[in-house]
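Some notes on the structure that comes next.
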Amino acid sequence: MAESATRITKVPLVDLKRQYESIQSEIQNALYEVIANQQFILGPKVAECEAEVAAYSGCSYGCGVSSGTDALLLPLMAEGIGAGDEVITTPFTFLATAECVARLGARPVFVDIDPATYNLDPSLVADKLTAKTKAIVPVHLYGQMADMDPLMQIAKQKNLIMIEDAAQAIGAEDKGRRAGSIGHYGSFSFFPTKNLGGFGDGGMIVTQDAARSQKVHSLRTHGMSTKYRHTVLGGNFRFDAIQAAVILVKLKFLDEWTRKRGDNAKLYGRLLNEAGLVEAGKLSLPIVSQVRHVFHQYCIRTARRDELKNYLQEKGIGCGVYYPVPLHLQECFKQLGYKRGDFPGSEKAAAEVLALPIYPELTEDEIRFVVSTIKEFY
Ligand SMILES: *Cc1c(COP(=O)(O)O)cnc(C)c1O
């Protein structure tokens with residue numbers, strides 16, 4: 001309705017309250033159950049959540065942990081990766097992906113992205129392999145899986161561990177295979193704004209391998225084998241029952257939310273095309289190369305990114321840049337010795353991407369308002 005469209009003056013980048021309101025009573029019941037049981041750390045709720053998330057992702061085992069970051073750290077620890085080792089990953093990601101590698105004393109070795117998908121370009125990996133390479137950590141950025149077949153082929157040939165950073169991609173598929181199910185490990189984040197978000201920090205490791213599952217479970221609780229017998233050094237990376245209860249409720253709605261994210265992306269694509277902005281070369285749309293992109297982010301690309309971002313924000317439209325500084329140029333990775341120009345695809349993407357609101361509860365009028373405001377800018 002034109003009337004309601006004119007009344008929209010604000011569209012936040014994310015709005016978790018709308019989602020909560022739609023499932024409020026179920027969430028409250030689940031939380032009361034945990035409170036009544038007073039079993040807060042690990043326990044049956046966590047085990048149930050591990051089984052459900054693993055099954056959803058086409059995996060045999062799940063291990064709930066304290067964050068998505070720890071879901072990346074523990075697999076690296078389980079494989080004994082440390083000083084003297086190298087791990088291949090992308091510089092166009094959230095810091096945690098490479099931070100975990102460096103925390104263990106290993107070296108993140110960056111490989112540039114395919115500019116079409118923003119994911120690690122498999123054809124550039126071979127050049128970066130050395131005798132020290134131990135693992136590959138591809139990131140399924142924005143909710144679209146990296147090109148896993150060629151990456152797995154390299155991993156098999158060179159006997160490398162594959163850890164999928166699927167923090168943004170739960171439910172995404174590459175030729176029918178779910179994110180997290182192809183490599184030796186998959187890592188999810190339940191950070192509240194992720195597609196499947198908890199009420200605090202949390203994450204999960206998924207795997208097909210019983211021994212690997214057992215190892216990460218042990219590392220999660222101080223390397224414990226049986227009560228107060230510690231076989232290896234781990235830490236406190238435990239998952240709590242409140243988070244598990246929230247995730248179990250939300251998991252039932254995830255496919256519906258994912259479908260709505262996809263519908264929103266289609267509507268943006270149609271309206272931006274109709275506005276003539278794509279044809280005129282003002283901006284470009286996300287390229288969907290996979291069967292199932294779960295649109296954690298909907299990022300357009302434009303040479304006038306910063307100007308457009310400021311304009312949209314002035315008009316009350318939330319938008320964000322994921323990520324403005326590629327990891328090889330982060331101060332904390334100075335000692336790795338990279339410089340500007342080393343990864344042109346990532347540097348260009350960092351200067352041009354802009355994420356628009358895409359959450360499932362967004363209305364058609366709000367999307368129309370965002371697009372007409374973008375048109376107004378140009
Ligand atoms: C969110 C995210 C992480 C870290 O997850 P936390 O739960 O915030 O620790 C790691 N990698 C990527 C790509 C992410 O988006």
Side-chain angles (χ1 to χ4, degrees), residues 63 65-113 119-139 146 148 150-167 182-187 203 205 207 209 211-220 222-225 230-237 326-339 342-343 346:
C63 177
V65 292
S66 29
S67 68
T69 301
D70 292 333
L72 289 163
L73 183 70
L74 291 192
L76 293 163
M77 288 173 73
E79 299 299 328
I81 288 166
D85 296 333
E86 294 179 354
V87 175
I88 303 269
T89 192
T90 161
F92 194 55
T93 176
F94 178 59
L95 182 81
T97 315
E99 179 193 41
C100 294
V101 173
R103 274 171 72 182
L104 295 173
R107 181 184 169 87
V109 173
F110 295 121
V111 169
D112 210 357
I113 55 169
N119 285 324
L120 195 64
D121 183 342
S123 71
L124 302 176
V125 171
D127 273 358
K128 301 294 176 77
L129 296 171
T130 73
K132 296 177 181 171
T133 311
K134 290 284 150 49
I136 305 179
V137 185
V139 178
M148 289 302 291
L151 292 173
M152 285 304 292
Q153 204 178 336
I154 295 166
K156 278 194 184 119
Q157 268 166 13
K158 303 286 172 184
N159 205 16
L160 306 176
I161 296 297
M162 181 72 72
I163 302 165
E164 298 174 56
D165 183 343
I182 300 176
H184 297 96
Y185 303 89
S187 306
I205 300 155
T207 180
D209 182 320
R212 290 194 160 99
S213 166
Q214 205 234 316
K215 236 181 208 170
V216 290
H217 275 92
S218 157
L219 288 168
R220 172 178 75 178
H222 307 284
M224 205 141 75
S225 49
H230 304 268
T231 41
V232 289
L233 287 179
N236 175 0
F237 302 107
L327 301 192
H328 67 290
L329 301 177
Q330 293 284 353
E331 193 177 340
C332 65
F333 286 136
K334 222 174 25 210
Q335 80 285 0
L336 296 176
Y338 290 110
K339 58 184 189 314
D342 283 346
F343 304 104
S346 298

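Numbers here simply count residues along the sequence, with the first being 1. Computed from a prediction, not measured in an experiment: that's the story for all the values here.
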Is there a side-chain contact between [X] and [Y], using heavy atoms and a 4.5 Å cut-off?
X: Leu73; Y: Arg103; value: yes
X: Thr130; Y: Glu86; value: yes
X: Pro108; Y: Val101; value: yes
X: Val109; Y: Thr133; value: no
X: Leu95; Y: Phe333; value: yes
X: Ser67; Y: Val65; value: no

To check you understand the geometry: which heavy-atom pair defines the closest contact between [X] and [Y], and what is its length?
X: Pro122; Y: Ile154; result: O-CD1, 3.9 Å
X: Leu233; Y: Leu219; result: O-CD2, 3.4 Å
X: Ile163; Y: Pro75; result: CD1-CB, 3.8 Å
X: Val125; Y: Ile136; result: CG1-CD1, 4.5 Å
X: Glu99; Y: Thr69; result: OE1-CG2, 4.1 Å
X: His222; Y: His230; result: O-ND1, 2.8 Å

### Query
Under 6.0 Å from the NZ atom of Lys132, do we count more than 12 heavy atoms belonging to anything else shown?
no
### Query
Under 6.0 Å from the CG atom of Asn159, do we count more than 12 heavy atoms belonging to anything else shown?
no
If you round to the nearest 0.5 Å, how far is [atom2] of [Y] from [atom1] of [X]?
X: Leu74; Y: Arg212; atom1: CG; atom2: CZ; value: 14.5 Å
X: Leu76; Y: Lys134; atom1: CG; atom2: NZ; value: 12.5 Å
X: Asp85; Y: Leu104; atom1: CG; atom2: CG; value: 9.5 Å
X: Gln214; Y: Thr207; atom1: CD; atom2: OG1; value: 12.0 Å
X: His217; Y: Ser225; atom1: NE2; atom2: OG; value: 15.0 Å
X: His328; Y: Lys334; atom1: NE2; atom2: NZ; value: 15.5 Å

### Task
Indicate, with yes or no, if the rings of Phe110 and Phe92 have centres closer together than 6.0 Å.
no
### Task
Run the numbers on Leu120 and Leu151 for side chain to side chain contact (heavy atoms under 4.5 Å, CB included), then give the verdict.
CA-CA 9 Å; Leu120 195 64; Leu151 292 173; 4.1 Å; yes
### Message
Let's go through Ile113 and Thr90 carefully: what are the C-alpha distance in whole Å and the side-chain angles of both, what is the deciding distance for side chain to side chain contact (heavy atoms under 4.5 Å, CB included) to 0.1 Å, and is it a yes or a no?
### Response
CA-CA 7 Å; Ile113 55 169; Thr90 161; 3.5 Å; yes
### Message
Between Asn236 and Ser66, is the side chain to side chain contact (heavy atoms under 4.5 Å, CB included) condition met? List the steps.
### Response
CA-CA 8 Å; Asn236 175 0; Ser66 29; 5.9 Å; no
### Query
Would you call Lys215 and Glu79 a salt bridge, taking side-chain N to carboxylate O under 4.0 Å as the test?
no
### Message
Walk me through whether Ser187 and Glu164 qualify under side-chain hydrogen bond (donor to acceptor under 3.5 Å, both in side chains).
### Response
CA-CA 6 Å; Ser187 306; Glu164 298 174 56; over 6 Å; no
Closer than 3.5 angstrom, by distance alone: can the side chain of [X] be matched with the main-chain N or O of [Y] as a donor-acceptor pair?
X: Thr231; Y: Gly223; result: yes
X: Ser346; Y: Pro326; result: no
X: Asp127; Y: Leu124; result: no
X: Asp165; Y: Ala167; result: yes
X: Thr97; Y: Phe94; result: yes

### Task
Take Leu160 and Leu129 through the side chain to side chain contact (heavy atoms under 4.5 Å, CB included) test and state the conclusion after the steps.
CA-CA 10 Å; Leu160 306 176; Leu129 296 171; 3.9 Å; yes
